[in-house]
Amino acid sequence: MKPSIPKGTRDFLLEAAAKRNYIFDTLKKVFEQYAFLPVETPAMEKLETLTGKYGEEGDRLIFKILARGEKLSKALEVGNETKLAEEALRYDLTVPFARMVVQYQNEITFPFKRYQIQPVWRADRPQKGRYREFYQCDVDMIGSKSLLNEIELVQIIDEGFKNLGLGDVTIKLNNRKLLLGIVQELGIENQFIDFTVVLDKLDKVGKDGVLKELSEKGISLADDKVNLLFKESGFDLQAIKALIGQNQIGNEGLNEVNFVFDAVKAFGISNLELDITLARGLNYYTGCIFEVVHNEFNSSICGGGRYDDLTGIFGLKDVSGVGISFGADRIFDLMEAKGLFPKNLTQSAKILFANFGEKEMLASLKIANQLRAQNIPCEVYPDAVKMKKQFKYAEDRKIPYLGLIGEDEMSNATITVKNLATGEQTSSTLDELLHMLNQ
RNA sequence: GUGAUUGUAGCUCAGCUGGUUAGAGCGCUGGUUUGUGGCACCAGAGGUCGCGGGUUCGAAUCCCGUCUUUCACCCCA
């Protein structure tokens, strides 16, 4: 059998793993700058914890874990589908986080801020930028309704992407309350989800495409409202204001968006865009919603929003939360395509000591240990094989220097050091070597 | 879930309308060079042509199924 991995998953070899860690580390630094601390939750949750939180489509994509042993045979026997799988792999990090907050509510100080970098699984069909296993980097805050949180999250998004070299992203902002107000004024409140999902496609399929899809879902709109709602491929904020008029929830949403928008702009973040067509599919969002896109990548690389009732589902009422999720794998692909990763992420040792035999090997190890004590990563080649092979190893691992300690060097306490890039070779004492490698 | 698409050596690929020993480049191993690599030259190893079935005297090549790859839709990080 040819070795391979399940579809929609991928291996991260040395260099790829280093690159991905670079993304994690960069984001972590920003998260911690805003006083978020890490938590972790198990890869699997009880199925009932997950179902019903992501909408119909989302539920379908949950990876269920088949029951085993007696439980399985019993479930098959009785034909009880719900007993076939009682556990599932987590679909995102937000719902498990909400579960965690409710479960440990007496041990937690609110507002509770955490970040979480872990993989999630979706039983989707893989395609560009879409995997069945991928890492999310979530920052969430539960237990405060203040819009300060929204403002800070936008700042985190902005700083995070800038630090990754992706300062040219667009941060989109919208508010579900505003959308709800619009839907109320259109008289189609009971088709809120259907409407917003279709509206989200405006820039992709245009006005006619949206109208067509709406009518396919049994939603028809009066012409005058359509004209207020959107133009060919965008929308007109003044017209939207006219559309929602005195609608209470709509104006609430509008005020929230404006507050966040103005504050963030005042802090010099210019790539923020109000987009009333932004919907976001996850059902639990209730207030501000965010999404980050890049013009060289066709799907969003970060998304999030406020959820007023998520903990309520688990029994903790009136606790609002808000958070965002960076899609590490999409960011990885985008950065790879743009060549944004720093070089030498995989440089392991600064110097490799060649192996000429047992005596020489031990002499080299003694030097290596002294370098290590000075925080200089280094290694001794483990086998006394031919030089060609040892050189190649150093080259493949991007080790810049080769140290040679043979009989001559041992007897006069020196180390022959060869710069592998230039071919330059010097005879140094240990102190000279330390000095050179510390630069 | 729907519709396309791909699969030949470790990697990237060639192999014309079916014809007998399936090729190249890179990589790998050994040698020219038993403590001095990158270059060059020489030699060598490595493939049930994704898998299963069918058509045929004969299949990498045609047909069916299946898995896999990639892409779009749905939906999403």
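Below, chains carry the letters A, B, ... as their sequence lines are ordered, and counting in each starts from 1.
Listed by chain and number, the residues in a side chain to side chain donor-acceptor pair (under 3.5 Å) with A:Thr346 are A:Lys398 (sequence neighbours excluded). Here A:Phe261 pairs with nothing under the ring-ring contact (aromatic ring centres under 6.0 Å, His included) rule; sequence neighbours left out.
For A:Tyr115 and A:Tyr34, the ring centers sit 6.0 Å or farther from each other. Taking the six-membered ring wherever Trp is involved, the centroid distance between the rings of A:Tyr381 and A:Phe353 does not fall below 6.0 Å. The ring of A:Phe112 has its center no closer than 6.0 angstrom to the ring center of A:Phe36.
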Are there any protein N/O atoms within less than 3.5 Å of an N/O atom in nucleotides 66-71 of chain B, and if so, which ones and at what distance?
| from | atom 1 | to | atom 2 | distance (Å) |
| --- | --- | --- | --- | --- |
| B:C71 | OP2 | A:Lys128 | N | 2.9 |

Under 3.5 Å, which N/O atoms of the protein pair with N/O atoms of nucleotides 46-51 of chain B?
none

Please enumerate all protein N or O atoms sitting under 3.5 Å from an N or O of nucleotides 30-33 of chain B, with distances to 0.1 Å.
| from | atom 1 | to | atom 2 | distance (Å) |
| --- | --- | --- | --- | --- |
| B:G31 | OP1 | A:Lys386 | NZ | 3.4 |
| B:G31 | OP2 | A:Lys386 | NZ | 2.1 |

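Of the candidates A:Phe31, A:Tyr135, A:Phe24, A:Phe134, A:Phe326 forms a ring pair (Phe, Tyr, Trp, His ring centres under 6.0 Å) with just one, namely A:Phe31.
Side-chain N/O atoms of A:Arg130 and base N/O atoms of B:C75 include a donor-acceptor pair closer than 3.5 Å. Side-chain N/O atoms of A:Arg60 and base N/O atoms of B:C74 include no donor-acceptor pair closer than 3.5 Å. Side-chain to base pairing of A:Glu57 with B:G1: no donor and acceptor N or O lie closer than 3.5 Å to each other.
A:Ala421 comes within 4.0 angstrom of a nucleotide base, judged by non-hydrogen atoms across all strands. Residue contacts for A:Cys137: at a heavy-atom cut-off of 4.0 Å it reaches no nucleic acid atom on any strand shown.
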Next on the checklist: Could you spell out the base pairing of RNA chain B as a dot-bracket line? Use Watson-Crick and G-U wobble contacts where both distances are under 3.5 Å, [ ] for crossing pairs, | for partners on a different strand.
Outcome noted: ((((..(..((((.....[...)))).(((((.......))))).....(((((..]....))))))..))))....

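One can place CE of A:Met387 at 10 Å from C1' of B:G37, the figure rounded to the nearest angstrom.
Between A:Lys418 and A:Ser325, the residue anchored nearer the 5' end of RNA chain B, judged by the nucleotide with its closest heavy atom, is A:Lys418.
Under the stacking criterion of a centre-to-centre distance below 5.5 angstrom and an interplanar angle below 30°, A:Phe391 is not stacked against the six-membered ring of B:G38.
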